[in-house]
Every structure is written in structure tokens, then in C-alpha cells.
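Each chain gets a letter, A, B and so on, in the order its sequence line appears, and its residues count up from 1.
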There are 2 protein chains.
Amino acid sequence: MGSPVSIRDVATRAKVSVGTVSNVLNRPEVVAPATRDRVMGAIEELGFVRNDAARQLRSGTPRAIGLVVLDVGNPFFTDVARGVEDTASEAGHAVILCNSDGSSQRESRHVELLAEQRVHGVLITPVDTDLAAVRRLRDRGMSVVLLDHPTADPGLCAVAVDDRAGGEQAVTHLLAEGYERIVMVNGPSHVHQARQRHEGAVDAVRKSGRDSGVLEELKVPALNVVSGQRAAEQLLARSVRPDAVFCANDLLALGLLQVLVRAGVRVPEDIAIVGYDDIDFAAAAAVPLTSVRQPRQLIGRTAAELVIAETMTPGEHEHQHVLFAPELVVRESSRRVQRSRRRPR
Amino acid sequence: MGSPVSIRDVATRAKVSVGTVSNVLNRPEVVAPATRDRVMGAIEELGFVRNDAARQLRSGTPRAIGLVVLDVGNPFFTDVARGVEDTASEAGHAVILCNSDGSSQRESRHVELLAEQRVHGVLITPVDTDLAAVRRLRDRGMSVVLLDHPTADPGLCAVAVDDRAGGEQAVTHLLAEGYERIVMVNGPSHVHQARQRHEGAVDAVRKSGRDSGVLEELKVPALNVVSGQRAAEQLLARSVRPDAVFCANDLLALGLLQVLVRAGVRVPEDIAIVGYDDIDFAAAAAVPLTSVRQPRQLIGRTAAELVIAETMTPGEHEHQHVLFAPELVVRESSRRVQRSRRRPR
DNA sequence: GGCCTGCGTTAAATCGTTTCACCCCCGACC
DNA sequence: GGTCGGGGGTGAAACGATTTAACGCAGGCC
């Protein structure tokens with residue numbers, strides 16, 4: 001019935017010592033087939049389940065990794081989480097998912113909890129750029145991988161995507177398609193992704209030899225759907241509208257697109273749109289969205305692999321800064337060609 | 001430096017016994033203020049962090065709860081997860097998030113892991129209706145709460161939303177608006193939510209006194225965006241199209257809406273659409289989507305509270321089956337009134 | 001002055017595993 | 001025939017906290 005069936009109960013049941021049971025569990029090859037079967041039988045009959053707490057206490061090897069994300073509501077992060085989860089569970093690790101929701105208070109509470117759990121390592125998208133919480137973790141001997149947050153600190157692993165290159169790709173594409181009044185709807189500049197993507201956009205203009213006036217930055221308070229809607233309203237109110245908009249992420253782009261379409265603006269004929277992240281909803285929008293794809297699951301997988309590798313070979317581990325390349329996915333929202341639209345019937 | 005600073009190190013440092021340190025941590029009121037401060041100081045200086053494994057081993061009280069969801073990619077589940085996470089972290093519990101992805105193999109692997117972790121309890125959206133995995137957990141003395149999966153089993157807690165009522169609301173609304181050729185795009189019938197929502201839809205037709213022919217069921221293999229797109233293509237190919245579509249969830253509705261809009265079908269003038277779940281993207285769609293709202297975060301919070309309560313008062317706990325009422329949110333995609341649409345300029 | 005009472009503290013037992021040193025038996029080898 | 005070696009086991013220590021019984025000490029009471 002109750003769970004309190006310990007390795008000792010199994011031992012008595014199988015008429016062996018606890019050491020032998022432990023061996024069956026961890027090094028089956030060293031125990032004679034006959035006894036092994038007996039022990040396995042006892043385990044089965046009693047419904048024995050290892051107690052991981054005791055295990056970890058003795059062996060010192062935890063079986064969980066922590067993941068702290070900025071916003072579980074953003075599909076970008078859920079995809080990263082999925083990648084982490086896949087890799088971790090293949091390695092037999094549990095994933096403890098925490099949502100900091102952009103609050104450093106919540107972040108530190110979660111980090112504290114993870115420290116007490118003595119997790120294998122922590123994957124974190126830090127709220128603050130000062131990385132105070134991250135350093136605290138590392139000082140306690142925990143391995144940490146920064147997610148989507150580049151750093152120069154050689155004492156940390158990091159997995160990120162080249163945001164500057166992504167911004168450049170997006171705007172280069174728009175320029176090549178012939179758009180000449182581009183607005184970048186961007187998040188607050190304390191968000192490093194926002195800053196980087198904008199710098200890339202500026203690079204693109206410079207490299208193309210155009211006047212820097214072809215690109216304008218419109219800042220919004222957050223990288224979400226609502227902010228995108230607000231931005232669209234602002235643009236609609238202008239006497240001279242842009243012919244293309246580059247949004248710092250897809251949530252912004254979706255909000256923007258919705259309001260524009262409802263106002264009768266044709267996309268891309270009147271205004272082209274490019275998003276960022278290429279979340280699944282981007283392809284399913286009213287007008288399929290051109291977007292800069294980040295290898296989301298791969299980011300998660302890689303980060304998980306790094307943190308697992310680091311704790312496998314403590315000491316000799318080389319901290320790595322992995323930087324993936326983004327990839328522009330061109331869809332209908334930014335094609336210059338006039339397309340004949342099907343009409344009902 | 002390294003993390004291996006134990007309660008014993010703190011004790012020597014503060015010149016007290018380990019018992020006293022433990023008291024400072026757990027029952028601060030019984031220890032004299034002077035010593036308490038001394039101990040706290042030592043903890044601070046040494047950067048001591050409790051080892052939860054040892055704690056749990058001795059006290060038998062775990063500090064984590066498990067959450068197994070069907071699909072982390074679905075915003076519905078991430079919102080539920082957020083609710084769980086909020087409540088759990090207020091109670092000082094960690095949440096171990098697992099994604100079964102609809103595979104019972106993955107599900108049982110995760111359940112096994114959670115059992116070894118001796119989690120406080122498990123919140124699970126079961127893959128199979130036979131609940132084999134769930135029963136195994138309970139037999140091991142673990143408290144379980146079923147999420148979004150009604151059950152008659154009095155030995156389990158369950159938190160769900162009345163899907164039948166939701167289906168009825170949706171179709172009653174469509175009928176009231178005057179739609180008379182309704183197609184319900186539904187998931188496979190082994191998914192109980194799909195079945196229930198359809199039954200509710202049938203109820204609505206019956207109660208309205210209409211002919212049962214006004215409602216047709218179109219089954220698709222999965223409750224996701226792609227299936228919605230496929231369904232739309234099928235409907236477009238028909239010579240006689242429905243005047244309204246009720247989708248078993250919002251992902252289907254978004255896929256459907258996208259394809260219809262691109263084909264030039266006007267929503268709701270030509271075809272009205274009602275979705276289910278009211279995920280945030282529903283309100284931000286090309287045409288804001290009427291949808292049946294489920295209290296997603298509340299589901300998560302309630303489930304977490306139940307599982308925590310159950311383990312606080314073992315034995316005397318009354319298993320509860322909480323059933324929330326869904327709420328229809330009417331937006332533009334299903335309004336009968338002809339609306340004048342704004343045109344640019 | 002002995003004794004009881006409380007308070008603060010200590011020492012030891014305990015939780016369920018893993019690990020390691022050691023034991024026993026039996027065949028092989030010199 | 002004694003010793004070596006090794007396969008197959010055993011048993012106890014250790015992990016780091018919690019918990020509880022016991023203990024020392026100061027003050028108050030009779």
C-alpha cells in the first residue's frame with residue numbers, strides 16, 4: 001500500500017543484504033543472475049521505488065536541472081523549454097521550470113529554491129544584466145548556462161543567437177525588396193536583444209549605402225501583442241506611413257498585423273511586415289509572416305547538453321559561448337511582387 | 001568557494017551544536033536572540049544553503065510538486081502551468097514540469113521520475129483514459145490531481161471545466177445569432193474534451209427545437225493549427241458552405257480563420273467562427289475570435305492548492321472534484337450584425 | 001540548602017542509499 | 001597440500017539534515 005518500502009525491505013524479502021540490492025540497481029553485471037532475478041522479483045512484488053533524496057544525499061549527484069525563463073507565456077520560451085526537457089529527460093534528469101516573469105524578486109526566490117534542491121545546473125535567462133543572481137549561484141559551485149543572453153564572462157557557458165545578424169538580415173531583405181521607409185518597432189533598450197537587433201538593422205542600412213533616414217526606430221514598452229497593436233494605431237494616425245515595418249519580435253508583429261488588416265491596410269502591398277522569432281503562430285497569421293527564425297529547440301537542447309557535460313567533467317570543463325546564426329524565413333507579409341488574390345467563388 | 005558547506009560547518013563557526021543551528025532555521029523562536037544572531041551571522045559568512053535532499057530524507061516532507069501536461073506548446077497549458085507555478089512557489093514548493101506530448105510512453109517515464117523524486121503530489125493531464133499511470137502513482141501513496149480530465153473515481157481530486165456546458169454555450173450563441181448551417185470542427189473522439197464539447201453542441205440544438213441537421217461534425221486528427229487549416233480547405237471545396245463553424249479549440253480556429261481570410265471569405269459575414277479556450281492569441285487574430293473562455297490560471301492554482309492541502313492533512317482529506325463553468329466571450333468573428341468596415345484613410 | 005522548573009543547548013538516533021573494506025568458499029597453480 | 005585469486009556477497013560507515021531525550025544551569029520555593 002503505502003510507499004515506505006525501502007531497499008532494506010527488498011533485501012529481507014529477497015534474503016540478501018542491502019548492498020546486493022543496491023548492486024542490482026546500479027551495477028547489475030556484478031551480481032549472479034540467480035540472485036539478480038530474485039531481487040528483481042522482490043522489487044516488483046513490493047513495488048519498490050528508489051528514493052532519490054537518499055540517493056543524492058549519499059552520492060552527491062543530483063538528477064534535476066533548473067530552468068528559469070523570462071516568460072512562459074511566450075511561445076519562444078516554451079519551445080526552448082521543450083528542447084531542454086527533451087535532452088534532460090533522455091539523460092534521466094528532471095527539469096524544474098521556473099518563471100521569473102521579468103521580476104528579479106521572483107527570479108531570486110526561484111534561484112534560492114534551486115540552490116536548496118542542489119540541482120545539477122541552472123539554465124537561466126537573466127532578468128538583469130548585472131547577473132547578480134547568476135554569480136551567486138556560481139559562487140556556490142553550481143554550473144550555470146546563460147540562455148539568450150550573451151556575455152563576455154569566460155567563467156560561464158552561454159547559448160544565444162546572433163541578434164545583430166538577425167536584425168541585419170531582416171532589413172537587408174526589406175531594402176532588397178525595394179522598401180524605403182522602414183520603421184523598426186522595438187522594445188525598450190535595456191533589453192539587450194532589442195538593442196542588438198536594432199544595431200543590426202542600422203548596419204544593414206549603412207552597408208546598402210542608403211541614407212540613414214530610411215530607417216526609423218519606434219520604441220514600445222514591452223515585447224508583446226498589446227504593444228504591437230498600439231504601435232499600429234500610432235502608425236495609422238500618421239499622414240505619411242512607412243512602407244515596411246520590422247518588429248523586434250513576432251508578438252509585436254502579430255498585434256501590428258491584426259490592427260493594420262482590420263483597418264483595411266493591405267499587407268504587404270501597402271505595408272510590409274517582418275517579425276522575429278518565427279514562432280508557430282507567425283506562419284498561421286492572417287498574412288503569413290516573414291520572420292527571423294531562431295533555432296529555439298536547438299538552443300534548449302544545446303544549453304541542456306552543456307550543463308550536463310559541465311557536471312560530468314568538473315574542473316576540466318571548458319566554458320563555451322555558443323552563438324547560433326538566425327535565418328530569415330520569407331513569407332507573404334514582405335514580398336514585393338503584387339499577388340493576385342483569390343476571391344470567394 | 002565550493003558549495004560543500006554543511007550545517008556542521010556553521011555550527012563550529014558559531015560555536016554551537018548542529019541542533020541549535022537547525023533550530024535557528026526551523027524554530028527561531030525557541031533559541032535565544034544572542035545565539036540566533038551569531039548563527040545567522042555564520043550562515044551568512046559561509047554562504048550556507050540547506051540541502052533539501054537531506055531535509056526531505058529525514059523529515060519525509062518533499063518540497064516539489066510534479067506537473068505533467070499534454071502539450072507545452074499549447075498556450076492553454078502554459079497558462080495552467082503559470083497558475084500552478086504561482087501557487088506552488090508561494091507555498092515554497094518547486095514545480096517539476098513534464099511534457100508528455102500525448103505519448104503514454106513519455107508519460108510513464110516522467111511519472112517514474114516524479115515517483116523517485118518523492119514529489120509532494122502530481123498534477124496530471126492524463127494521456128489515456130484508463131488512468132493506469134495515475135493509479136500506479138496513487139498506489140504508491142502519492143496524491144494526484146487530475147487536470148482537465150473529469151473522473152468519477154472518488155479516490156482522486158480533479159479540476160476541470162464543464163466542457164459540455166461550453167459546447168452548449170457556443171452553439172446556443174450561434175443559433176441565437178441566426179446561423180443555421182453549423183459545422184463543428186472537432187478532435188478525435190478518444191479525446192474526452194472533444195467528445196464533451198460535441199455533446200454540448202448537440203444539446204444546444206435539441207434545446208432550441210431545431211432540426212439536428214443544422215449541426216454537422218467534422219473530425220480532424222489533432223487539435224492544432226495545421227488541422228484547422230486542413231479543415232478550412234475541405235470546407236472551401238464544398239459547393240454548399242456552412243454559415244458558421246465551431247472549433248473544438250482556438251488553435252483549430254486560428255488555422256481555419258487564416259485560410260478562410262486568405263481565400264477572401266469574410267468573417268463573420270460569410271462564415272462565423274467560434275473557438276474554444278480563449279487563448280490570448282484569439283483576441284489578437286485577424287478577426288478577433290469569439291471563444292469559450294476557460295479559467296486557465298485558476299485551474300492551475302486550484303489544482304496546486306488541492307494537492308498541497310491534501311498532503312498537509314493526510315488521511316482526513318476529502319477528495320474533491322472541482323468543475324468550473326466556462327464563459328462565452330463574444331467578439332467580432334461571430335456577430336451577426338453587418339459592420340461597416342473602416343477603409344484606409 | 002535541597003529541589004523543582006524552564007530555558008537553552010547538546011548529543012545521539014534516524015531517514016534510505018551508496019560505497020568500500022572485508023569475508024567466505026572453491027578451484028587453480030606451484 | 002598450502003596459497004593465491006577471484007567471484008559473489010555481506011555489513012557498516014557515511015551523506016547532511018531533523019528530531020528528541022537528556023542535560024546543565026539559574027532562580028524561586030519551601
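Scanning for side-chain hydrogen bond (donor to acceptor under 3.5 Å, both in side chains) contacts around B:Gln193 gives B:Asp148, with sequence neighbours left out. A:Ala88 meets the side chain to side chain contact (heavy atoms under 4.5 Å, CB included) test with A:Ile65, A:His93, A:Val95; sequence neighbours excluded. In this view, A:His110 satisfies the ring pair (Phe, Tyr, Trp, His ring centres under 6.0 Å) rule with no residue, not counting sequence neighbours. Checked against side-chain hydrogen bond (donor to acceptor under 3.5 Å, both in side chains), B:Ser89 has the following partners two or more places apart in sequence or in another chain: A:Arg109. Residues satisfying the side chain to side chain contact (heavy atoms under 4.5 Å, CB included) criterion with B:Ala222, sequence neighbours excluded, are B:Asn224, B:Ser227. With sequence neighbours left out, A:Arg135 forms a side-chain hydrogen bond (donor to acceptor under 3.5 Å, both in side chains) with A:Asp153.
Using five terminal pairs a side, the axes of the helix from C:dG1-D:dC30 to C:dC30-D:dG1 at its two ends make an angle of 70°, given in steps of 10 degrees.
Screening residues 25-38 of chain A for salt bridge (charged side-chain N to carboxylate O under 4.0 Å, His left out) gives no qualifying pairs among residues at least two apart or on separate chains. Listed by first and then second residue, the salt bridge (charged side-chain N to carboxylate O under 4.0 Å, His left out) pairs that reach into residues 11-24 of chain B are B:Arg13-B:Glu45, sequence neighbours excluded. Sorted by first then second residue, the side chain to side chain donor-acceptor pair (under 3.5 Å) pairs that include residues 59-84 of chain A, not counting sequence neighbours, are A:Asp52-A:Arg63, A:Arg63-B:Glu116, A:Asp71-B:Arg82, A:Asp79-A:Arg296, A:Arg82-B:Asp71, A:Arg82-B:Asp101.
Bounding nucleotides for the chain B contact on DNA chain D, 5' to 3', at a heavy-atom distance below 4.0 Å, are D:dG16 to D:dT19.
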Task: Summary of protein contacts for nucleotides 12-18 of chain C, nucleotide by nucleotide, where a base hit scores B, a sugar-phosphate-only hit scores S (4.0 Å, heavy atoms) - done: -BBBBBB
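In this structure, A:Ser100 contributes its side chain and A:Ser103 its backbone to no donor-acceptor pair below 3.5 Å.
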